[in-house]
Amino acid sequence: MTKSKTYAVVDLEMTNPTLDGSGRIIQFSCTFIEKGQITDTFSTLIDPQLPIPPEVQKLTGINNNDVRKAPLFIDVAETIYALLQDTVFVAHNIMQDYRFLNAELERAGFPPLELKGIDTVQLAQILLPTLPSYRLVDLGKYLGIEHDRPHQADSDTYVTAELFLLLQKRAQKLPVETLAKLCQLSSALIYDTADFFKEAYQIKKKSGSPLSHELMQVEELIIRRPSFVAKSERPLDFPKTKAEQKELFSGVIEWRKEQVNLMETISTFLDSKEEKQLLIEAPTGMGKTLGYLIPAAYTATKNKRIVLSTATTALQMQLADEIKQTLTTLLPFEVETVILKGNQHYLDLDKFWRSLSQPYNNNSRLLQMKILVWLLQTKTGDLDELRLTTQQDPLFENVAHTGISGLDKDSPFYSVDYLRLRAIAQKNATFLVTNHAYLLNHAAELETDEFELIVDEAQNLPQAVIKNVQQVLDFDEIKILSDSLLVKMESKVSFSFAQLIEQKFVTQEQYRRFQKNVQVLDHVTWELRQRFIERFLRLRSAGIIECPLSKKRFLGFLKENIGLITKITKAHMAFLQDIVAFKQLFFTATRTKQLAQTAELYLLDFFKLADQLATSFLAWANLSFEKLETSTDQQLIWLSLASQETAHLRLHFSYLEGGDFLKQNIYRKFQHTLFLGAGLFTKETRAYTLRQLDLPKETRLLNFKSSFDYEKQATVFLVKDAPNVLQTPPELYLDYLAQTLAELTTTNKCQTMILFNSLDEITKVYDRLATLGLTKEREVLAQGVNGSPEKLKKRFVLDQDKKAILLATGTFFEGVDLPEKLLELLVIVRLPFQAPNTLFNQVRYERAKEKGLDPFWNITVPEAVLRLKQGFGRLIRTPNDKGAFVLLDERILSKSYGSEFMQVFPEKLPVKVVLTKELSAQVKDFLALAKENF
């Protein structure tokens, strides 16, 4: 970064990027930077003397004709070698470009370059910590750098050079204290990237700039200074007249009749003294989110707080962004938003500070550097702001929050702890934005007369009860963790409790008492496990055995084993008390520097195991006689155990239906509960929806009209000769799917999502599509094959050609927003019925029969109808969208229940019944016509 240096920003395009000698350079480009300015460029195509693979031609836009008259690498090697002398080599992914170029230079008879090298990928990851992607093309979009020809080296080097200059400016704005910490950790960076931060530190140190008022220093960390918004002191009503509403919306959103009707309905409901629950189906495109946020914000001025719950943490963040970006500029009063998530989503500042002096691998060091810069920006400490698709790095386990109760009150970070600040902000917040899982487990904390509840994506709430209120007691996990903890305590390899006793950290008596309690958890819990197997699973066969336990049977077993259960319970309680005491001793000892680093690291590992053991006992409370005797008959208890010798015995506790939990545990805690969603009910599923949500029959269900012109924007294609999945041999059915999908997507080269009912089916169809050659022509992304749902969605959205194909299931049926060219063809391969043979569904169906209900018509069909409705809702998201919907399941036409599925499709939406051989051409004709109309 010194002004006298010359930076050579280099990018190569190759026939094959591997370093096995089979690849050749087809384009070399270099952009030079001196004194903070781009000064010169050099670029040349190169004849590789071998064919350019089709996928490389597609990616780069460089074909065999382009390089036919280009020089050979040996002819330009001397020029390249001379140009790069006395420069610092800069590249976006330097490990690839620098090594490949040196290999080619050596092949041409030149010595390898010995230049200093800087990687802009790592710099961007550190200095732009909240971006979702660090691909060069994406960075160009985020930062407003024009990138006219992505994946061509001359365009890429210009963008990389502009990026590098921007990163230099970002680094020079960092506090000197932060730069100092970055320098300490920078040895983990590749090549000489560390020099970037060392030079930035020297420049900043000389300037002597004071710390910004928005920031504050705690120990060696610089963090954003906490700030809070004062709540409106005067009650305000949502504007009643059209003129007042237009004035409010002016310059921010347009006045739309249906959206305003929604706002007025919600405003009246939240002020009502009689009506407690209201259910609204608000179709996609009508502005549902602002439709409830604006009237709710006005309600909050009347000494109320609004709890907003949505299906996932990702949607939670989108909701918070909508409030920040739109409401704060639209409303005539301040709005404070607090995001509520589980403790593990937040950074523990004290733990992070300690981690900086502990040994970690290079990847963890890079993450620490990223977090140091993020601390200057974040107000919440929410690790999700870092947009990491996975948090499996060991660092996260050691720095994630475990709750306020586990904090050291004497820590210098206690007063600025993110969870404590969140608790303070909650008291004056307009909105508390949470997700269904958090709401279900923390509703008791919100039980005051100030709270109103708005449930968005309400169709997911019953399933969230079944998933998140479920608890599992894993006997084998308890055994493994107990054994590990005992071994850790007695280990003589590097450190042990014996040395802690010598250092007078704990007494011999404290150690023995703790050891005895862990031994009880280890041995007696294992004995109880054996008794469960002998009583209920003695005759297990191959596969996974799931054994439902009636409450009567379960209570009888517990009474017979009351001695063991009481012994374990006492040991468990004493274990928890000892851990709290040990942690307090640890906090004091580390604060006063009484522990050496070896002892500190040993105890951190010990506490990690102890916390894991404590967590594994969370379901133990379900063995309480009092809890069992007061629980409803709708709670399902079952044992599961696979046939392998190493299989874990698990005791499960769950609810059969969400409605068995919601009324008693959630709704009664709020003044009003408003339910919204785009796929809540159809005419025939109203009773099912009310039953699932545990709402009285008289609850109002309102359905607002869609603003989309479905007659022009979409068409449904129902394939009448598709094979019946229940009557066709599996291999023939899969062959039909693969051949039909291959022809459909080859004929229609547009962004396509194909939804399945199972991951196994996706894998088998993907393999067949690969055999048919589709994966060579198009980017085919398959859930369970080449990435997690989060990764696949990102790759699908960011596809340059907007011609990717996504094979997916599960979460992609809902909550995925893919407007305009991000999705033009949606295929659902079969009606989304749940698997009827799972233990869970078998018990539900039996309970329905006991109540005189037909489980197929009262559970199976309504669930599948609403699932199809949610899936169809992925297609048309904005007034400018166009798209074809294809269903490859003839049962919608031939079965008596097909008419209920037909209610999923909006009025005036064209529905065409076609043969398989006609499908591809008809879809192509529709998309071409729709393109003309838009």
Side-chain angles (χ1 to χ4, degrees), residues 184 219-220 348-361 364-365 368 394-403 405-414 477-526 567-568 570-617:
Q184 290 176 20
E219 295 295 324
E220 298 165 306
D348 185 319
L349 280 168
D350 191 278
K351 288 181 179 177
F352 175 69
W353 174 56
R354 295 177 196 280
S355 78
L356 298 175
S357 59
Q358 294 160 5
Y360 279 100
N361 61 37
S364 295
R365 287 293 185 222
Q368 286 175 325
L395 175 69
F396 286 107
E397 191 175 355
N398 292 334
V399 302
H401 221 298
T402 54
S405 61
L407 294 174
D408 175 11
K409 292 183 180 179
D410 295 319
S411 165
F413 297 96
Y414 185 75
E477 184 182 26
I478 290 171
K479 173 70 175 172
I480 292 167
L481 291 170
S482 300
D483 284 344
S484 300
L485 198 57
L486 290 168
V487 169
K488 185 73 180 175
M489 292 167 68
E490 298 167 6
S491 170
K492 300 294 190 294
V493 176
S494 58
F495 208 82
S496 71
F497 253 75
Q499 289 163 280
L500 292 174
I501 293 168
E502 287 175 14
Q503 295 179 19
K504 298 187 177 179
F505 176 78
V506 292
T507 66
Q508 185 75 28
E509 183 183 349
Q510 287 173 316
Y511 167 69
R512 285 178 179 168
R513 185 178 68 241
F514 184 78
Q515 183 185 47
K516 181 181 177 181
N517 287 326
V518 177
Q519 287 170 341
V520 169
L521 299 181
D522 188 358
H523 304 310
V524 183
T525 306
W526 190 254
K567 193 172 183 180
I568 295 168
K570 287 181 178 178
H572 175 231
M573 295 304 295
F575 164 79
L576 294 177
Q577 291 169 1
D578 285 343
I579 288 297
V580 171
F582 284 169
K583 283 185 176 179
Q584 197 55 52
L585 290 172
F586 173 75
F587 289 144
T588 303
T590 53
R591 193 170 54 251
T592 55
K593 310 292 184 184
Q594 293 178 3
L595 286 176
Q597 187 182 54
T598 308
E600 190 173 319
L601 293 173
Y602 170 81
L603 281 168
L604 286 170
D605 286 341
F606 167 79
F607 288 134
K608 188 190 303 182
L609 280 171
D611 288 342
Q612 289 172 343
L613 182 56
T615 301
S616 72
F617 265 94

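Position 1 is the first residue of the sequence, and the numbers go up from there.
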* To do: Would you indicate whether Gln508, at its atom CD, is surrounded by more than 12 heavy atoms from other residues, nucleotides or ligands within a distance under 6.0 Å?
  => yes

* Would Val520 and Phe575 satisfy side chain to side chain contact (heavy atoms under 4.5 Å, CB included), going step by step from the backbone distance to the final call? -> CA-CA 10 Å; Val520 169; Phe575 164 79; over 6 Å; no

* Between Ser355 and Gln368, is any pair of side-chain heavy atoms under 4.5 Å apart? -> yes

* To do: Look at the side chain of Glu397 and the backbone N and O of Pro394, then say whether any donor-acceptor pair between them is shorter than 3.5 Å.
  => no

* To do: Test side-chain hydrogen bond (donor to acceptor under 3.5 Å, both in side chains) on Gln510 and Arg513 and set out the steps.
  => CA-CA 5 Å; Gln510 287 173 316; Arg513 185 178 68 241; over 6 Å; no

* Work out which heavy atom in Pro359 is nearest to a heavy atom in Arg365; give both atom names and the distance. => CA-NH2, 3.9 Å

* To do: Would you check if the side chain of Ser411 reaches a backbone N or O of Leu407 as a donor-acceptor pair within less than 3.5 Å?
  => no

* **side chain to side chain contact (heavy atoms under 4.5 Å, CB included) between Thr598 and Gln499, intermediate numbers included** => CA-CA 11 Å; Thr598 308; Gln499 289 163 280; over 6 Å; no

* **Centroid-centroid under 6.0 Å between Phe497 and Phe606 rings** => yes

* What distance separates Leu395 CG from Tyr360 OH, expressed to the nearest 0.5 Å? -> 5.0 Å

* Asked: How far apart are the closest heavy atoms of Ala574 and Asn517, and which atoms are they?
  -> CB-ND2, 3.3 Å

* side chain to side chain contact (heavy atoms under 4.5 Å, CB included), paired with Leu521, selected from His572, Lys567, Lys479 -> His572

* Structure fact -> To the nearest 0.5 Å, atom CG of Asp483 lies from atom NZ of Lys488 at 15.0 Å

* Rounded to the nearest 0.5 Å, how far does CG of Asp348 lie from CZ of Arg354? -> 9.0 Å

* Asked: Shortest non-hydrogen contact from Glu477 to Ser616?
  -> OE1-CB, 4.0 Å

* Partners meeting ring pair (Phe, Tyr, Trp, His ring centres under 6.0 Å) with Phe352 (sequence neighbours left out) -> none

* To do: Give, for atom CZ of Phe607 and atom CD1 of Ile579, the distance between the pair rounded to the nearest 0.5 Å.
  => 6.5 Å

* **Short side-chain donor-acceptor distance under 3.5 Å, Asn398 and Lys351** => no

* Asked: Where the side chain of Thr525 meets the backbone of Asp522, is there a donor-acceptor pair that is under 3.5 Å apart?
  -> no

* **Any side-chain donor near an acceptor of the partner, Gln597 and Ser357, under 3.5 Å** => no

* Asked: Given Glu219 and Phe413, is the side chain to side chain contact (heavy atoms under 4.5 Å, CB included) satisfied, shown in steps?
  -> CA-CA 8 Å; Glu219 295 295 324; Phe413 297 96; 3.9 Å; yes

* To do: Would you check if Asp410 and Phe587 make a side-chain contact, meaning some heavy-atom pair closer than 4.5 Å?
  => no

* Asked: Do Tyr414 and Asp350 meet the criterion of a side-chain donor-acceptor pair at a distance under 3.5 Å?
  -> no

* Asked: Is there side-chain contact between Asp408 and Gln584, with heavy atoms separated by less than 4.5 Å?
  -> yes

* To do: Check the surroundings of atom NZ in Lys608: do more than 12 heavy atoms from other residues, nucleotides or ligands lie under 6.0 Å from it?
  => yes

* To do: Would you confirm whether Gln503, through its side chain, and Leu595, through its main-chain N or O, come within 3.5 Å as a donor-acceptor pair?
  => no

* **Check against salt bridge (charged side-chain N to carboxylate O under 4.0 Å, His left out), Asp611 and Lys583** => CA-CA 11 Å; Asp611 288 342; Lys583 283 185 176 179; 2.9 Å; yes

* Could you grab the distance from atom CD of Gln519 to atom CZ of Phe514, nearest 0.5 Å is fine? => 11.0 Å

* To do: Report the C-alpha distance between Leu500 and Leu603 in whole Å, list the side-chain angles of each, state the deciding distance to 0.1 Å, and finish with yes or no for side chain to side chain contact (heavy atoms under 4.5 Å, CB included).
  => CA-CA 10 Å; Leu500 292 174; Leu603 281 168; 3.7 Å; yes

* Structure fact -> CD1 (Ile480) and CG (Leu485) are apart, to the nearest 0.5 Å, by 13.5 Å

